[in-house]
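First listed ligand is number 1; within each ligand, the first listed atom is number 1. Numbering starts at 1 and runs along the sequence shown.
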Amino acid sequence: MKNLYRSLLMAFTLGFAASCSVEDVEPNQPLSHTSTDSATATQDSHLTMGNPSGANTSYSNYLLSKPQYAMSYNSYRGTPNWVSWHLSSAWVGSAPRQDDFRADTSLPSAFYRVQSTDYTGSGFDRGHNCPSADRTLTTTDNSATFLMSNIIPQAGPNNQQTWANLENYCRTLISAGNELYIIMGSYGKGGTGSNGYAETLAAGKITVPNRIWKVIVVLPNGSGDASRVTSSTRVIAVNTPNTTSISSTWGTYRTTVDAIEAATGYDLLSNVSASVQSTIEARVDSGPTQ
Ligand code: MN
Ligand code: MN
């Protein structure tokens, strides 16, 4: 009883002190504001929501963790299986696009290291998983997105229209006070680029994916992120064909996380409680798309 009284007194005192300090420091601010305004954006772990494929040291499921993103790399495909990254306004600054596509020498020497020229003349873009424009705080961060381990053969209109629109939309969400966990991946074999259908590039060392997907978890800026995901958290899941004949409207390709899990065999958002996963992974997003 005594402890309860002390706790109440302390809560009252702290609350009073906090409201006083807001008035003192920001006399011209509106008195009512949401927590999204006040929480500071931070840089958080890229695997906060989980490791979808249990990536480890396997050649087909190799965990590659960088300061800028984490991935499962598949040396047999010459592409990532998936790339996962945290996005908040804390990752964005004014570093210019580096455009320094290059082999990733951090891959084991037994792997074929895809070269920047391996896509030349293929009819496919060097499509980023973690986009250049999501990593502009430093030139080092931006440059890391041009490692060929972060790249897939992506049909031009898919990359430059559908995907670019979705990437831009994600950055409008962080400008509005949110932080995002984004997982992008690809699977299957065979896509249609500007030179027509192809299954591989570079004499078979690179597989052209058939489908390209993304899952985005949207949270107001804050901490303890995996446990803040609830049944009402917005989760956007998109799965697109890797072809030139694709709509530029990414909302057309919305699906469920469950469908992507069924197609890939992964467990996405595995650090979220099972009961919350079962709700949010079965829902198709119907929110705004721009
Ligand atoms: Mn792109
Ligand atoms: Mn899941």
Side-chain angles (χ1 to χ4, degrees), residues 42-58 60-66 68-74 77 79-88 129-131 134 150 152 162-163 166-167 169-170 173-174 178-188 209-242 250-287 289:
T42 53
Q43 293 188 349
D44 299 339
S45 166
H46 304 304
L47 296 178
T48 296
M49 295 298 151
N51 175 338
S53 59
N56 49 46
T57 55
S58 155
S60 62
N61 188 24
Y62 186 82
L63 181 64
L64 201 53
S65 263
K66 298 179 187 294
Q68 297 83 12
Y69 50 82
M71 71 168 65
S72 160
Y73 190 77
N74 190 326
R77 292 175 66 91
T79 67
N81 295 306
W82 53 261
V83 180
S84 185
W85 66 101
H86 179 246
L87 179 61
S88 73
N129 282 252
C130 181
D134 280 9
N150 181 46
I152 53 170
T162 323
W163 228 244
L166 178 53
E167 291 169 358
Y169 178 66
C170 286
L173 293 174
I174 63 166
N178 297 295
E179 60 181 307
L180 276 53
Y181 288 92
I182 306 174
I183 308 111
M184 173 168 173
S186 53
Y187 64 91
N210 186 253
R211 306 288 303 188
I212 305 171
W213 56 269
K214 195 172 259 188
V215 169
I216 302 152
V217 177
V218 186
L219 292 166
N221 284 333
S223 54
D225 295 338
S227 58
R228 285 196 297 135
V229 178
T230 69
S231 57
S232 53
T233 296
R234 186 175 185 195
V235 177
I236 303 168
V238 174
N239 193 346
T240 63
N242 190 18
W250 64 264
T252 311
Y253 299 101
R254 281 180 284 192
T255 182
T256 65
V257 174
D258 280 342
I260 294 172
E261 288 184 337
T264 59
Y266 303 152
D267 182 2
L268 293 152
L269 318 182
S270 61
N271 287 349
V272 173
S273 78
S275 61
V276 171
Q277 278 185 70
S278 67
T279 303
I280 60 179
E281 293 184 352
R283 192 166 57 214
V284 177
D285 176 64
S286 57
T289 58

Can an N, O or S atom be found in Tyr266 less than 2.8 Å away from the Mn ion (ligand 2)?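 So Tyr266 does not count as coordinating the Mn ion (ligand 2).
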Out of the N/O/S atoms in Glu261, what is the name of the one closest to the Mn ion (ligand 2)?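 In Glu261, the N, O or S atom with the shortest distance to the Mn ion (ligand 2) is OE2.
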Restricting to N, O or S, what is the name of the atom of Glu281 that lies nearest the Mn ion (ligand 2)?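 Looking at Glu281, the N, O or S atom with the least distance to the Mn ion (ligand 2) is OE2.
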Between Ser53 and Asn61, do the side chains contain an N or O donor and an N or O acceptor separated by less than 3.5 Å?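 Their side chains do contain a donor-acceptor pair, which is all the 3.5 Å distance test asks for.
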Donor + acceptor pair across side chains of Asn74, Tyr187 (<3.5 Å):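 Per modelled atom types, Asn74 and Tyr187 side chains form no pair under 3.5 Å.
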Results of ring pair (Phe, Tyr, Trp, His ring centres under 6.0 Å) for Trp250 - residues two or more places apart only: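 For Trp250, the residues satisfying ring pair (Phe, Tyr, Trp, His ring centres under 6.0 Å) (neighbours in sequence not counted) are Tyr169.
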Asp285: salt bridge (Lys or Arg N to Asp or Glu O under 4.0 Å) partners, not counting sequence neighbours: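 If we apply the salt bridge (Lys or Arg N to Asp or Glu O under 4.0 Å) test to Asp285, skipping adjacent residues, the hits are Arg234, Arg254.
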Taking the Mn ion (ligand 2) as the vertex, measure the angle between atom O in Leu268 and atom OD1 in Asp267; round to 10°.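 Output for this angle: 90°, rounded to tens.
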